[in-house]
Amino acid sequence: MNSISSPYRIDDPRFQALIQKNARLHQIAAGFEWTEGPVWFADHQHLLFSDIPGNRMMRLTLDGHVSTFRHPSGYSNGNTRDRQGRLVSCQHGTRSVTRTEIDGSRTVLADSYQGKRLNSPNDVIVQANGAIWFTDPTYGILSDYEGYAADPEQSARNVFRIDPVTGKVEAMITDFVQPNGLAFSPDESLLYVAESGSSHDADVPSVIRAFRLDETGKILSDHVFAEIDKGLPDGMRVDAAGHLWSSAADGIHCFHPDGSRLGKILVPEVVSNLCFGGTRGNRLLITATSSVYSIAVNAKSAV
Ligand code: MG
């Protein structure tokens with residue numbers, strides 16, 4: 001296990017209260033192709049994550065023990081849990097969002113919109129009322145690396161909502177180049193969505209947009225919340241106090257709810273995503289290129 005000391009860059013003194021200055025960044029697993037989709041299972045004290053090109057999902061305990069959770073995984077990407085604790089996954093290979101039931105069977109929650117196949121669902125979150133939101137960029141069908149190459153059937157790369165009562169899939173946000181990670185503010189009045197379109201077009205700004213919602217999920221307004229200055233935003237999480245922790249090329253960027261960047265936790269590999277976990281829920285678990293990293297912080301998940 002490699003440990004890296006003092007990986008912090010402080011942009012704002014308020015960041016000091018959110019970190020543990022003596023905490024080390026630990027590389028707790030390595031040797032994967034492209035890690036993504038971390039989700040913490042507190043009841044089992046393990047992390048599940050995707051190795052997308054490896055077409056597998058792994059199970060990792062914080063002492064570094066890794067085992068295969070699912071292979072093949074349908075080229076899974078983002079993962080989360082619903083309020084009943086069930087695993088919800090985005091799968092590039094099947095171009096679907098699935099739920100793993102308590103008995104282990106899988107239910108397809110979404111695989112088409114207006115009669116056409118989805119592009120390649122990327123990341124997913126669940127609201128308190130059970131509504132499921134996911135992004136649908138084209139990364140998983142661009143080549144045979146993270147799925148199966150195909151021409152998109154959708155005319156846009158949307159942010160979708162699955163209705164908790166009817167199961168209807170509805171496009172809620174339709175003007176992204178490539179929508180990617182997403183997260184809610186603690187009171188769920190704001191939805192944050194990452195624009196990662198600069199991956200293939202340098203003219204697309206690497207921004208996180210914030211959308212104000214009503215309780216039915218209708219978008220009331222939106223604005224640019226923050227810009228990522230190194231690489232692009234992919235997965236993100238919001239802590240209980242409303243700070244947004246985003247992936248970036250040089251590590252994790254932490255933003256105050258007012259949008260100002262408080263600081264960074266530098267990571268030696270490009271970060272794809274993160275989640276909170278550990279026995280006290282105050283550890284960042286970071287998927288970064290070929291590895292998973294862990295670092296204690298002074299923040300906990302909003303959910
Ligand atoms: Mg992603």
Side-chain angles (χ1 to χ4, degrees), residues 32-40 47-58 73-81 87-98 110 118-126 132-143 145-147 152 154 157-160 173 176-184 191-201 204 206-209 225-226 228 230-238 244-253 267 269-276 284-293:
F32 305 97
E33 195 75 26
W34 181 260
T35 59
E36 244 284 10
V39 56
W40 177 248
L47 180 79
L48 296 184
F49 65 94
S50 302
D51 177 12
I52 305 177
N55 195 16
R56 58 184 177 165
M57 280 182 70
M58 311 305 290
S73 60
Y75 290 93
S76 67
N77 187 336
N79 297 290
T80 192
R81 297 180 86 183
L87 174 68
V88 178
S89 301
C90 294
Q91 300 180 188
H92 290 175
T94 53
R95 296 162 70 170
S96 65
V97 178
T98 67
L118 298 175
N119 296 318
S120 52
N122 186 292
D123 215 342
V124 60
I125 52 175
V126 181
I132 297 171
W133 293 72
F134 67 95
T135 53
D136 189 40
T138 55
Y139 295 118
I141 54 172
L142 290 176
S143 72
Y145 183 57
E146 293 198 344
Q154 298 294 326
R157 295 86 182 260
N158 294 325
V159 180
F160 288 105
I173 308 169
F176 270 84
V177 179
Q178 295 279 29
N180 204 315
L182 65 186
F184 283 109
L191 170 68
Y192 299 103
V193 184
E195 170 63 86
S196 65
S198 66
S199 60
H200 291 76
D201 180 351
V204 178
S206 292
V207 292
I208 296 166
R209 294 168 63 188
F225 170 73
I228 296 291
K230 289 281 190 303
L232 51 83
D234 193 340
M236 62 178 99
R237 288 289 189 279
V238 171
L244 187 147
W245 304 70
S246 174
S247 54
D250 58 344
I252 305 285
H253 296 192
V267 176
E269 296 178 81
V270 172
V271 173
S272 65
N273 211 332
L274 68 150
C275 69
F276 289 90
L284 286 183
L285 302 169
I286 303 162
T287 50
T289 309
S290 65
S291 303
V292 178
Y293 294 85

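Numbers here are sequence positions counted from 1. Everything numeric in this text was worked out from a predicted model, so none of it was measured. Both ligands and their constituent atoms are indexed starting at 1 by order of listing.
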What do the steps show when you test Asn122 against Cys90 for side-chain contact (heavy atoms from CB on, under 4.5 Å), and what is the final call? CA-CA 6 Å; Asn122 186 292; Cys90 294; 5.6 Å; no
Please verify the inter-ring angle class for Tyr139 with His200; under 30° counts as parallel, over 60° as perpendicular, anything in between as tilted.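 The arrangement is tilted - the two ring planes meet at 30° to 60°.
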At a threshold of 2.8 Å, where the distance has to be below it, does the Mg ion (ligand 1) have an N, O or S atom of Asn273 nearby?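 Here the distance criterion (N, O or S atom, under 2.8 Å) is not met by Asn273, so no.
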Just wondering, is there an N, O or S atom on Ser272 that's nearer than 2.8 Å to the Mg ion (ligand 1)?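 So Ser272 does not count as coordinating the Mg ion (ligand 1).
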So, of the N/O/S atoms that Asp234 has, which is the nearest one to the Mg ion (ligand 1)? OD1
Tell me which N, O or S atom of Glu36 sits nearest to the Mg ion (ligand 1).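 Closest to the Mg ion (ligand 1) among those atoms: OE2.
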Where the Mg ion (ligand 1) is the centre, what is the OD1-to-OD1 angle for Asn180 and Asn122, rounded to 10°? 70°
Can you tell me if Gln178 and Ser199 form a side-chain donor-acceptor pair at under 3.5 Å?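 There is no such pair between these side chains.
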Does a donor on one side chain and an acceptor on the other come within less than 3.5 Å for Ser247 and Asn273?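 No, because no side-chain N or O of Ser247 sits under 3.5 Å from a partner of the opposite role on Asn273.
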Looking only at heavy atoms, the pair that brings His92 and Pro121 closest together is CD2-O, 3.3 Å
